[in-house]
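Computed from a predicted model, the values in this text were never measured in an experiment. Order of appearance sets the numbers: ligands from 1, and atoms from 1 within every ligand.
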Amino acid sequence: MLPKNILITQNPGSDLQKFLSEKKYTKIIVLADENTAVNCYPLVKDSLPAHSLIKIQSGEEAKNLHTCSIIWQAMTEARLDRHSALVIIGGGVLGDMGGFCAATYKRGIDFITLPTTLLAQADACIGGKLGIDFSHFKNHIGVFQEPALTLIDSGFLKTLPKNELRSGFAEVIKHALISDKKIWDEIRARELTDQPWETLVPKSVEFKSSIVQQDPYEKGLRKILNAGHTIGHALESFFLADGNRILHGEAIAAGLVAECYLATKRGLLDKPSMQEISNYVLKVFGKLSIEENKIKEIAERCLQDKKNKGNSVLGVLPNGIGRALWDVEISLGEIEDCLSYYQRLQT
Ligand SMILES: NC(=O)c1ccc[n+]([C@@H]2O[C@H](COP(=O)([O-])OP(=O)(O)OC[C@H]3O[C@@H](n4cnc5c(N)ncnc54)[C@H](O)[C@@H]3O)[C@@H](O)[C@H]2O)c1
Ligand SMILES: [Zn+2]
């Protein structure tokens with residue numbers, strides 16, 4: 001069961017209107033970026049009471065303290081008191097940063113999130129993690145705080161660029177692989193653009209939300225959500241440093257394939273399942289090009305992972321399709337082996 005503050009809807013405008021009229025906030029301010037201001041805000045604008053709009057620059061590059069100052073300044077100029085609310089219309093960047101600004105403005109005001117990317121709907125908007133990047137460290141400054149309301153409408157995805165849709169799809173695939181073989185079988189029967197988002201997004205939301213309810217502060221079980229992320233994050237940061245930025249989900253998709261290989265080597269995942277996962281992921285995402293002589297450097301990046309303890313890499317491995325183990329100690333040699341396997345794959 002979903003918590004009361006998460007609502008799956010096909011009519012976000014009327015749900016928003018109903019919620020706001022019950023809450024009787026003193027003032028409403030809306031946060032959007034240049035893309036969501038054009039593609040998403042107009043879909044709910046008329047359902048909002050009088051409000052002002054804060055429009056910021058889109059993208060991860062803007063997820064920093066400077067943009068927070070712009071948001072806090074706009075909130076101050078609009079004279080928001082502690083009984084006001086911020087309505088966030090955007091992807092994971094806006095959700096994380098807008099939520100952080102609301103959670104800290106005057107020690108915290110309510111915020112309402114309307115996630116508009118697949119990544120935000122299936123993943124980022126659930127679990128209360130808010131924050132910004134700082135001094136080249138991702139999500140370095142932040143807090144845990146739940147929104148007053150999250151309204152998830154897969155209809156927003158209609159205008160999302162295909163590469164962004166595909167990036168979020170990696171998290172949807174991850175959720176299926178660690179929770180439910182049946183969902184995975186449904187997913188792999190279709191192409192990316194043929195997926196039934198109106199039923200698939202709620203499945204992802206329900207799964208993540210049930211994990212988060214059982215382990216809100218990531219002491220144990222919640223760590224399974226990091227499947228694909230040990231190697232995926234290393235790839236993401238390697239390509240970023242190389243001046244060749246890739247989207248988060250593109251890195252996670254490759255991470256999932258590489259980590260499934262290790263699960264098979266350790267006898268946790270049978271070979272046909274591993275091949276089925278590799279084939280589908282490569283068909284949808286293609287293959288990242290990794291040079292042989294960079295493998296060691298990428299593997300060493302896994303040591304930077306926040307989830308590690310001391311000098312050993314602690315990762316997540318699938319345990320068959322539909323289950324996963326966390327805090328699995330993985331050696332650097334094994335990670336190099338996974339990356340070599342990935343690099344040798346034929347597309
Ligand atoms: N809090 C968490 O638990 C959590 C989990 C995963 C990721 N994240 C964070 O999420 C962020 C990535 O989020 P994202 O992938 O949604 O990226 P994003 O917010 O940058 O959005 C991607 C792009 O799509 C545009 N866009 C958004 N919705 C649109 C729509 N409906 N139509 C057209 N364009 C649209 C945006 O303007 C942006 O250019 C990262 O900063 C990451 O750290 C947070
Ligand atoms: Zn992720």
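At a 4.0 Å cut-off, at least one heavy atom of Lys138 sits close enough to ligand 1 to count as contact. For the ligand labelled ligand 1, residue Gly127 lies outside the 4.0 Å heavy-atom shell.
A salt bridge between Lys265 and Asp337 is present, with a side-chain N of the basic residue lying under 4.0 Å from a carboxylate O of the acidic one. Salt-bridge annotation for Lys208 and Glu171: absent, with no side-chain N of the basic residue lying under 4.0 Å from a carboxylate O of the acidic one.
Distances from atom 19 (O) of ligand 1 to the heavy atoms of Leu43, Asp33, Val93 show the closest one on Val93.
Close approach to Asn39 involves these atoms of ligand 1, each under 4.0 Å from a residue heavy atom: 32 (N), 33 (C). Heavy-atom proximity to Lys208, at under 4.0 Å, picks out these atoms of ligand 1: 3 (O). Within ligand 1, counting atoms from 1 as listed, the ones closer than 4.0 Å to a heavy atom of Ser58 are 37 (O), 39 (O). Shown in contact with Phe156 at under 4.0 Å from a heavy atom are these atoms of ligand 1, numbered in order with element: 31 (N). Ligand 1 places these atoms under 4.0 Å from at least one heavy atom of Glu60: 40 (C), 41 (O).
Taking the six-membered ring where the residue is Trp, the centroids of Trp197 and Phe169 are separated by under 6.0 Å. Remark: aromatic rings of Tyr261 and Tyr342 are distant, center separation not under 6.0 Å.
Partner of Ser204 under the side-chain hydrogen bond (donor to acceptor under 3.5 Å, both in side chains) criterion, out of His175, Gln121, Lys174: His175 alone.
For a threshold of 3.5 Å applied to N or O pairs, the pair formed by Thr36 and ligand 1 contains no separation below that value. Remark: ligand 1 and Gly92 share an N or O pair separated by less than 3.5 Å (distance only, no angle test). The shortest N or O to N or O distance between Asp123 and ligand 1 is not under 3.5 Å.
For the Zn ion (ligand 2), the nearest N, O or S atom contributed by Glu171 is named OE2.
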### Message
Using side chain to side chain contact (heavy atoms under 4.5 Å, CB included), reason through Ile28 and Ile112 one step at a time and then give a plain yes or no.
### Response
CA-CA 10 Å; Ile28 299 293; Ile112 294 142; 5.5 Å; no
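When hydrogens are left out, the protein atom nearest atom 12 (C) of ligand 1 is Leu119 CD2, 3.8 Å; that is the closest non-hydrogen contact.
Counting heavy atoms under 4.0 Å from ligand 1, residue Lys63 touches it through the side chain alone.
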